[in-house]
Amino acid sequence: MSAETFYVTTPIFYVNDAPHIGHGYTTVMGDILTRWHRQRGESVWYLTGTDEHGQKVLRKAELNGVSPQEWVDKLVDDEWRPMLETLDIANDDYIRTTDQRHIDGSKAFWQALYERDAVYKGSFEGHYSVGSEEFVGEDDVVDGEGDDEGFKVSKLDGSRVEYMSEENYFFRLGDYQQKLLDFYEANPTFIQPESARNEVISFVSRGLRDLSISRSTFDWGIGVPWDDEHVMYVWIEALLNYVTAAGYGVDDERFAQLWPANIHIVGKDIARFHAVIWPAMLMAAGQPVPHQVFAHGWLLVGGQKMSKSKANGIRPDEIVDTFGSDAYRYYFARALTFGSDGSISWEDISARYHAELANGFGNLASRVAAMIGKYFDGTLPAAAELTDAELTVTDTVAEAVRAADEAIEAVAPQDALASIWRIVDELNGYITDQAPWKVAKDAATDEAAAARLATILNTTAEGLRVLAVVLNPVMPKASAVLWESLGAEPALGALADQRIDAVAAWGQLAAGSIITKPSSLFPRIETTETA
RNA sequence: GGCUGGGUAGCUCAGUCGGUUAGAGCACACGACUCAUAAUCGUGGGGUCGCGGGUUCGAGUCCCGCCCCAGCUACCA
């Protein structure tokens with residue numbers, strides 16, 4: 001394996017949540033990115049997983065009368081791993097924070113922090129909710145009303161809180177303010193997009209306090225290596241998944257190859273943890289920091305923010321059941337600007353599905369295959385002389401592929417798809433202009449017309465070949481069907497092995513290949529739902 | 001309150017360093033075509049660029065003020 005591995009991560013998702021389209025969004029974007037990089041011929045590693053410790057999980061398990069381990073096993077099996085299947089995610093690894101490798105690696109990391117004097121024992125003070133047995137953040141504490149008049153209450157569940165202190169281990173985050181600011185300055189693309197970078201810098205500039213990183217009131221967590229009384233605070237432990245999955249503390253060779261990560265994809269709500277606490281911890285432990293933290297925006301559903309605490313959560317499989325995983329992947333990549341907030345709606349998904357996937361792309365594949373079937377008995381004809389019309393097609397294709405690759409490099413899948421769609425539009429226009437059905441009328445008696453017809457259909461088939469390859473990272477299922485229908489594999493090999501940098505070279509499909517008309521790539525869907 | 005984004009066509013969004021008549025897709029209307037999934041191609045209508053001032057030969061773009069939306073302002077994750 002090469003020394004340079006393109007290592008991409010999603011956040012590990014908290015098992016207590018039900019998977020919703022936001023989780024799916026993050027995971028799909030990472031998958032598109034990594035599949036594209038694989039087709040560039042790079043060594044790639046894509047990690048996702050689940051965050052399974054903490055008091056909330058423990059409490060939920062108790063409520064359900066099972067052990068926390070049984071509880072998380074069930075959630076992972078019933079909810080989280082199936083989401084990856086639903087969305088056709090090709091992750092290389094799946095880490096669970098209950099994995100032994102994570103437990104061992106986390107302890108090793110803490111030991112390193114301890115030995116480097118980055119951790120000390122202190123006392124954590126804050127508003128503690130006895131009812132829910134946890135500390136409540138300052139923002140979530142309000143003055144009580146009615147029966148709670150005169151008390152402070154938690155905004156989260158309305159329970160009374162009192163000011164308490166607890167012995168905890170602390171991380172010397174306060175020491176890292178200037179180091180982090182210097183780091184951001186020297187690495188302007190460490191946090192993207194700019195809006196997230198601004199907020200992080202502004203946050204750090206206001207000053208950093210040391211961070212409480214252990215808990216001693218419950219035990220569903222990883223023990224602090226030198227103190228049995230404490231478990232690691234779940235957030236701090238969760239961040240460690242990125243290194244423990246890469247072999248930290250248990251497999252040095254693997255770790256050296258994977259770390260540091262190239263991109264941590266996160267929602268903007270957790271950008272700060274990844275862009276402030278995480279690099280500081282890595283610096284403290286003497287490890288290199290990741291190349292980039294990319295914070296994506298909120299999904300606005302019907303004008304409302306999509307979030308795990310709101311009832312407007314939509315499950316990924318609701319969309320996939322109707323439109324399929326390819327359409328899900330396409331929609332989120334195409335319709336939203338990665339990094340900005342964006343609106344989504346059922347109507348918009350349906351509109352884009354029909355206009356872009358069914359009418360634009362799917363129908364293109366249909367009409368080409370149908371004509372090769374009708375005029376050449378399903379055998380791909382060789383092209384004769386290329387005219388200006390064909391050269392316009394090849395130029396458009398080459399330029400579109402180049403622009404798409406550049407867009408992926410800039411982590412802008414929406415731009416990549418916009419570029420790729422220029423190929424779809426060009427081919428549909430080319431076919432209309434060339435009107436092969438008219439040329440076909442003379443082909444039986446006119447040699448020039450026959451050659452022309454062959455050239456036109458060969459050109460469109462070549463265009464489809466390019467589309468299958470460059471759309472494979474986004475829509476692997478449809479691309480596979482198209483690859484099959486083009487009869488490409490015998491001459492060119494597996495679709496996933498087709499390289500982006502070679503795809504625009506013309507004339508790769510072998511003359512004589514068997515072209516079959518596929519069932520519709522994206523059949524029209526009669527929707528009555530207006531969710 | 002402070003800070004950061006944003007407000008452009010019915011909808012979703014582009015708009016570079018200030019420069020021609022403000023763009024795209026969808027939707028809508030009309031026309032062409034008949035290979036194709038009632039698909040495709042072309043043409044067209046549609047704008048007080050949040051509001052008010054200012055700078056400038058010229059402002060969606062720069063400056064000032066205001067309105068509205070979202071986010072951040074640390075230990076639920």
Side-chain angles (χ1 to χ4, degrees), chain A residues 11-17 51 53-57 124 126 129 132 134-140 154-157 168 170-171 173 193-213 215 233-236 238 268-273 276-277 297-298 300 303 305 308-309 334-337 340-345 347-348 351-352 354-375 414-415 418 421 425 427-440 456-457 460 517 519-525:
Chain A
I12 48 172
F13 302 118
Y14 201 57
V15 286
N16 262 12
D17 302 328
D51 183 9
H53 286 128
Q55 190 162 26
K56 288 193 170 183
V57 173
F124 177 65
S129 162
S132 56
E134 68 191 352
F135 283 92
V136 177
E138 291 301 318
D139 286 352
D140 292 323
S154 164
K155 214 158 60 177
L156 301 176
D157 57 6
N168 276 333
F170 280 73
F171 169 60
L173 183 62
E194 283 300 307
S195 53
R197 174 181 158 83
N198 289 343
E199 294 201 344
V200 165
I201 289 176
S202 128
F203 174 79
V204 174
S205 300
R206 281 194 287 266
L208 295 173
R209 294 201 297 271
D210 287 352
L211 197 65
S212 143
I213 56 169
R215 294 291 184 269
Y233 175 47
V234 67
W235 241 117
I236 298 304
K268 69 181 182 183
D269 52 333
I270 55 173
R272 201 177 61 230
F273 290 89
V276 179
I277 300 171
W298 297 125
L300 305 168
K305 184 175 83 177
K308 56 195 169 192
S309 58
R334 176 67 186 92
L336 302 167
T337 298
S340 304
D341 293 354
S343 303
I344 63 166
S345 68
E347 292 76 8
D348 192 39
R352 283 190 184 267
H354 288 102
E356 296 167 18
L357 295 180
N359 300 350
F361 177 42
N363 181 56
L364 172 65
S366 258
R367 63 201 300 215
V368 169
M371 283 189 280
I372 293 174
K374 185 180 278 188
Y375 304 136
Q414 70 284 355
D415 293 339
W421 236 252
D425 293 339
L427 290 171
N428 272 323
Y430 168 81
I431 292 172
T432 300
D433 287 347
Q434 300 306 316
W437 50 90
K438 284 183 182 164
V439 180
I456 294 165
L457 293 180
T460 53
K517 188 174 175 193
S519 58
S520 294
L521 258 31
F522 300 98
R524 297 183 64 81
I525 294 164

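Atom set for the values below is all heavy atoms of this structure, side chains included, hydrogens, waters and symmetry mates excluded. As the structure is a computational prediction, the values presented were derived from the model and not from experiment. Just so we're on the same page: letters track the sequence lines, and every chain starts at 1.
Atom P of B:U4 sits at a distance of 12 Å from the matching atom of B:C63, rounded to the whole Å. With C1' as the reference atom, B:G60 and B:G71 are 24 Å apart, rounded to whole Å. For the P atom pair drawn from B:A9 and B:G50, the interatomic distance equals 8 Å after rounding to whole Å. A distance of about 16 Å separates the C1' atoms of B:U34 and B:G42, rounded to the whole Å. For the P atoms, the distance linking B:C66 with B:C30 amounts to 50 Å, nearest Å. Using atom C1' as the reference point in both B:C69 and B:A29, the two lie 34 Å apart (nearest Å). Remark: the separation of the P atoms in B:C64 and B:G18 is 15 Å, to the nearest Å. On the C1' atoms, B:C41 is 40 Å away from B:G5, given to the nearest whole Å.
The A:Ala370 side chain lies nearest to B:A36 when the options are B:A77, B:A70, B:A36. Comparing atom distances between the A:Lys56 side chain and each of B:C76, B:A36, B:C75 picks out B:C76 as nearest. In the set B:A36, B:C76, B:U34, B:U34 carries the atom at the smallest distance from any side-chain atom of A:Trp437. The side chain of A:Tyr233 lies closest to B:C76 when the candidates are B:A74, B:G71, B:C76. Listed nucleotides B:G5, B:U40, B:G71 differ in distance to A:Asn198; the shortest reach to its side chain belongs to B:G5. Closest approach to the A:Arg367 side chain among B:U34, B:C35, B:U37 is made by B:C35 (side chain taken as heavy atoms from C-beta onward). Of the candidate nucleotides B:C35, B:G2, B:U37, B:U37 has the atom lying nearest to any side-chain atom of A:Ser520. Closest contact between the side chain of A:Glu199 and the listed nucleotides B:U4, B:C35, B:C3 involves B:U4. When the nucleotides B:C35, B:U37, B:G25 are ranked by their closest atom to the side chain of A:Glu356, B:G25 comes out on top. When the nucleotides B:C75, B:A77, B:A14 are ranked by their closest atom to the side chain of A:Thr337, B:A14 comes out on top.
A donor-acceptor contact under 3.5 Å is not formed by the side chain of A:Asn359 with the base of B:A39. In the interface, the side chain of A:Lys374 is not paired with the base of B:C35 through any donor and acceptor atom under 3.5 Å apart.
Distance CZ (A:Arg197) to C1' (B:G5): 16 Å, rounded to an integer number of Å. If you measure from atom CG of A:Leu521 to atom P of B:A36, you get 17 Å, rounded to the nearest angstrom. Distance, A:Asp433 CG to B:A32 C1': 12 Å, rounded to whole Å. Note: OH (A:Tyr430) to P (B:G42) measures 16 Å, nearest angstrom.
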Subject >> CA sep, side-chain torsions, deciding dist, call: A:Trp437, A:Ile431, side chain to side chain contact (heavy atoms under 4.5 Å, CB included) >> reply: CA-CA 9 Å; A:Trp437 50 90; A:Ile431 292 172; 3.8 Å; yes

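A:Leu427 CG to A:Thr432 OG1: the interatomic distance, rounded to the nearest 0.5 Å, is 11.0 Å.
The main-chain N or O of A:His354 is found under 3.5 Å from a side-chain atom of A:Asn359 such that the two form a donor-acceptor pair.
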